[in-house]
**Q** 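Provided herewith is a single structure, encoded as structure tokens, for subsequent inquiry.
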Amino acid sequence: MKILGIETSCDETAAAIVEDGDNILSNVVASQVDIHRRYGGIVPEVASRQHLITILPVLDSAMAEAKTSWQDIGAVAVTIGPGLAGSLLVGVNVAKAITLAHGLPLIGVNHLEAHIYANWLSKDKPEFPCLCLIVSGGHSDLVLMSGHGQFKKLGRTRDDAAGEAFDKAARILNLGYPGGPAIEKAAAGSTPSFTLPRAWLKGSDDFSFSGLKTAVLHLVRDNDFSDPARVAGAAASFQQAVVDVLTTKTIRAAERLQVKQILLSGGVAANKALRDSFTCNSPVPMMIPWPNLCTDNAAMVAACGYYHCRLGKVDGCDVDVVPSLSLG
Ligand code: KG4
Ligand code: ZN
């Protein structure tokens, strides 16, 4: 079964065709990063306008690359939340129009669940129960997954999400936008040279990164950072602090819950230091999607939609956007 996935929750306009939940026939992503860079962050009104301009060419490319006609498509899966309301509306309304025009089933998908399902876009499938760490621009969620569609949230961020912390620290260090890749690049040729705090929040699976961000702010305010080597050292120290907390707390929870695997996902999971730390330290096998499947894409939405279909979870055209949707 071929599923068309559509993703417009934030600043990426994406469409993909995935066969049987793991065979990616096309995966087209139009990033708005160059447009939002001049503002140092995402401007919601600009994002939704840009989705309107880009969505149809992106859909056409996804269909052409997959060499697929509408007769071959079995269902349309679209992100309904969480995300920016104006952005989500573009994808959801286009999905509704397609399903009405071609008489196809419509599947509304949770963006966080879709991030997790990026781990099913591989021939090796995760085993249940597994522990999922979703680290993106808006979320740092630790979720126990006991079967398809069965999620229990164990922890979340109490303030800044991991990706948000990367973006804010990069801005403080004048490294540009988006912050995650900028910090990773700056840190690559350096070693952690500053002592920065880690919020362990003992007895809880929650995370907190705002204290770390404030510590970077004070470091830059109180010291001379005109030397790029010092900036690189601060970037490496910040990255190491985030990686330490995410890895240690997730592994502790995995041991406590005796899960079979740990699944990483979300944009921050593209970070090599984080991937290496989990791979080296996890006591159970790791699943980490390819970096291009960690950041926002529509292949993960299609994969998630496939498993919804198998569970008989299909929606009608009355499905609506849910900007504050959560998981578990
Ligand atoms: O999942 P995602 O693409 O969009 C959301 O759902 O939010 O995640 C975007 C976030 C941004 O904060 C970005 O800075 C971060 O993921 N990110 C990274 C890397 N690539 C993207 N953070 C650290 N290292 C990276 N290589
Ligand atoms: Zn995302």
Side-chain angles (χ1 to χ4, degrees), residues 5-14 16 27 29-33 36-37 40-42 44 47 51 78-84 87-88 91 109-119 132-141 143 156-157 160-173 175-188 207 209 212-213 235-236 238-247 263-278 288-301 303-304 323-327:
I6 299 176
E7 158 63 42
T8 63
S9 68
C10 194
D11 63 337
E12 260 94 30
T13 318
N27 188 19
V29 181
S31 173
Q32 302 178 6
V33 72
H36 297 287
R37 182 173 283 123
I42 296 159
H51 284 306
V78 63
T79 301
I80 57 164
L84 303 167
S87 292
L88 290 163
V109 164
N110 181 320
H111 181 77
L112 301 170
E113 188 180 346
H115 268 305
I116 293 175
Y117 270 95
N119 284 292
C132 310
L133 177 68
I134 314 156
V135 270
S136 67
H139 294 82
S140 308
D141 285 354
V143 177
R156 57 181 173 87
T157 183
D160 293 345
E164 189 181 358
F166 267 99
D167 294 334
K168 288 178 176 171
R171 198 176 310 159
I172 295 166
L173 292 167
L175 288 170
Y177 171 87
I183 295 250
E184 176 164 27
K185 192 167 166 224
F207 300 100
F209 295 107
L212 173 62
K213 170 198 66 190
F238 168 84
Q239 180 173 267
Q240 191 57 52
V242 176
V243 167
D244 280 353
V245 171
L246 291 175
T247 313
L263 276 53
L264 275 193
S265 61
V268 181
N271 185 280
K272 190 172 181 312
L274 185 68
R275 301 167 77 92
D276 290 349
S277 173
F278 267 103
I288 315 176
W290 292 107
N292 69 317
L293 298 175
C294 289
T295 47
D296 285 352
N297 66 87
M300 67 185 194
V301 177
C304 186
S324 59
L325 192 61
S326 67
L327 184 65

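Just follow the structure's listing: the first ligand is 1, and inside any ligand the first atom is 1. Because the structure is predicted, anything quoted here is derived from the model rather than measured.
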**Q** For H115, counting its heavy atoms only, list the atoms of ligand 1 lying under 4.0 Å from any of them.
**A**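 Contacts of ligand 1 toward H115, numbered from 1: 1 (O), 6 (O).
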**Q** Any N/O/S atom, side chain or main chain, of H111 closer to the Zn ion (ligand 2) than 2.8 Å?
**A**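 So H111 counts as coordinating the Zn ion (ligand 2), yes.
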**Q** May I ask you to check whether S140 and T157 show a side-chain donor-acceptor distance below 3.5 Å?
**A**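 Side-chain D/A pair, S140 to T157: absent.
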**Q** If we ignore hydrogens and angles and just use 3.5 Å, is the side chain of R37 paired with the main-chain N or O of G176 as donor and acceptor?
**A**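 No, R37 side chain to G176 backbone: no donor-acceptor pair under 3.5 Å.
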**Q** I need the nearest protein heavy-atom contact for atom 12 (O) of ligand 1: residue, atom name and distance, please.
**A**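 The answer is D167 OD2, 2.8 Å.
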**Q** Does the side chain of Q239 pick up a donor-acceptor pair with the side chain of N271 at under 3.5 Å?
**A**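 Distance-only check passes for Q239 and N271.
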**Q** Can you name the atoms of ligand 1, numbered from 1 with element, that are less than 4.0 Å from a heavy atom of G163?
**A**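 Answer for ligand 1: 12 (O).
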**Q** Starting from atom 23 (C) of ligand 1, locate the nearest protein heavy atom and write down its residue, its atom name and how far away it is, to 0.1 Å.
**A**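 The answer is G180 CA, 3.4 Å.
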**Q** Which atoms of ligand 1 sit under 4.0 Å from any heavy atom of T295?
**A**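 Ligand 1 atoms under the 4.0 Å threshold to T295: 3 (O).
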**Q** Go through the side-chain N and O atoms of H51 and T13 and say whether any donor and acceptor fall under 3.5 Å apart.
**A**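 A pair is found: one side chain offers a donor N or O, the other an acceptor, under 3.5 Å apart.
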**Q** Are the side chains of I80 and L88 in contact, using a 4.5 Å heavy-atom criterion?
**A**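 The answer is no; the side chains never approach within 4.5 Å.
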**Q** Within the distance-only criterion (no hydrogens, no angle test), does the side chain of D11 pair as donor or acceptor with the backbone N or O of Q32 below 3.5 angstrom?
**A**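 No, the answer is negative, given that no donor and acceptor are paired below the 3.5 Å cut-off.
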**Q** Hey, what's the ring geometry for H115 with H111, parallel, tilted or perpendicular (30° and 60° as the breaks)?
**A**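 Taking H111 first and then H115, their aromatic rings stand perpendicular (interplane angle over 60°).
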**Q** Would you mind checking which non-hydrogen protein atom is closest to atom 24 (N) of ligand 1, with the distance to 0.1 Å?
**A**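 It is N271 ND2, 3.0 Å.
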**Q** Just to confirm my output: which protein heavy-atom neighbour is closest to atom 10 (C) of ligand 1, and how far is it?
**A**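 Protein heavy atom at minimum distance: G137 N, 3.5 Å.
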**Q** Quick check: does any side chain N or O of N119 sit under 3.5 Å from a backbone N or O of I116, one acting as donor and the other as acceptor?
**A**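 Confirmed, N119 side chain pairs with I116 backbone.
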**Q** I need the atoms of ligand 1 closer than 4.0 Å to a non-hydrogen atom of G138, numbered in the order shown.
**A**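 Every atom of ligand 1 under 4.0 Å from some heavy atom of G138: 7 (O).
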**Q** Is the backbone of C304 close enough, under 3.5 Å, to the side chain of E113 for a donor and an acceptor to pair up by distance?
**A**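 No, because the side chain of E113 does not come within donor-acceptor range (under 3.5 Å) of the backbone of C304.
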**Q** Say whether H139 and ligand 1 are in contact under the criterion: heavy-atom distance to a ligand atom below 4.0 Å.
**A**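 Per 4.0 Å heavy-atom rule, H139 does not contact ligand 1.
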**Q** With the Zn ion (ligand 2) at the centre, find the angle made by OD1 from D296 and NE2 from H115, to 10°.
**A**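 Reported to 10°, the angle equals 100°.
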**Q** Give the residue and atom name of whichever protein heavy atom lies nearest to atom 3 (O) of ligand 1, and the separation in Å to one decimal.
**A**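 Result: D296 N, 3.0 Å.
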**Q** In the protein, what heavy atom is nearest to atom 26 (N) of ligand 1, and what distance, to one decimal place, separates them?
**A**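 The closest heavy atom on the protein side is E184 OE1, 2.6 Å.
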**Q** Going by heavy-atom distance to atom 16 (O) of ligand 1, choose the closest among G267, P181, A161.
**A**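 Among G267, P181, A161, the closest heavy atom to atom 16 (O) of ligand 1 belongs to G267.
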**Q** Say whether, by atom type as modelled, one donor and one acceptor occur between the side chain of E164 and the main chain of A161 under 3.5 angstrom.
**A**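 Yes, the answer is positive, given that a donor and an acceptor are paired below the 3.5 Å cut-off.
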**Q** Does H111 reach ligand 1, in the sense of a heavy atom lying below 4.0 Å from it?
**A**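 Yes.
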